[in-house]
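We use all heavy atoms of the structure for the numbers below, so side chains are in, but hydrogens, waters and symmetry mates are not.
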Amino acid sequence: MKYTVTTLGESIYSYDFYQSLLGGLLLKELSRYSYMDHGTYDSAEDVIGMDDLEWKDKNHLVFHTPSGDLNLKLN
């Protein structure tokens, strides 16, 4: 996961999710997520719900975000 935060009166959080392939030599992009906030959250980890993520099984991860659940399926 890679994230960036841009702030100018409000914060825009952008997340890119990747899966490592071939022992880390290649990265496959899985998903992108963006969220605009007006100071409600303390950190980028709080916005994406890092403290409340849920593994459905070994290949399915769910982040509980402010705009709904973000489902990631790993291959």
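Residues H60 and N71 form a side-chain contact, since some pair of their non-hydrogen atoms from C-beta on lies under 4.5 Å apart. The shortest distance between side-chain heavy atoms of L74 and L61 does not fall below 4.5 Å. T4 is not listed as a side-chain neighbour of I12, based on a closest heavy-atom distance of 4.5 Å or more. Within the 4.5 Å cutoff, the side chain of H64 has heavy atoms near those of the V62 side chain. Proximity of Y41 to S11: side-chain heavy atoms (C-beta onward) are nowhere separated by under 4.5 Å. At least one side-chain heavy atom of Y33 sits less than 4.5 Å from a side-chain heavy atom of I48.
Here the closest non-hydrogen pair linking G24 and S20 is CA-OG, 3.0 Å.
Between the NZ atom in K2 and the CD atom in E29 there is a gap of 9.0 Å [rounded to 0.5 Å]. Between the CG atom of D52 and the OG1 atom of T65 there is a distance of 11.0 Å, given to the nearest 0.5 Å.
With hydrophobic clusters built from ILVMFWY side chains whose heavy atoms lie under 4.5 angstrom apart, L53 shares a cluster with L70. The hydrophobic cluster containing L26 does not contain L30, counting ILVMFWY residues as joined when their side-chain heavy atoms lie under 4.5 angstrom apart, directly or transitively. Hydrophobic clustering of Ile, Leu, Val, Met, Phe, Trp and Tyr side chains at less than 4.5 Å, counting indirect connections, unites M50 with Y13. Y18 and L25 sit in two unconnected hydrophobic clusters of ILVMFWY residues. Membership requires side-chain heavy atoms under 4.5 Å apart, directly or through other members. Grouping the Ile, Leu, Val, Met, Phe, Trp and Tyr side chains by contacts below 4.5 angstrom, directly or via other members, places W55 with L72.
By the 6.0 Å contact criterion, CG on D57 is enclosed, its count of non-hydrogen atoms from other residues, nucleotides or ligands being greater than 12. Annotation: M1, atom CE; neighbour count of heavy atoms from other residues, nucleotides and ligands within 6.0 Å is above 12.
Between the side chain of Y15 and the main chain of A44, a donor-acceptor pair closer than 3.5 Å is present.
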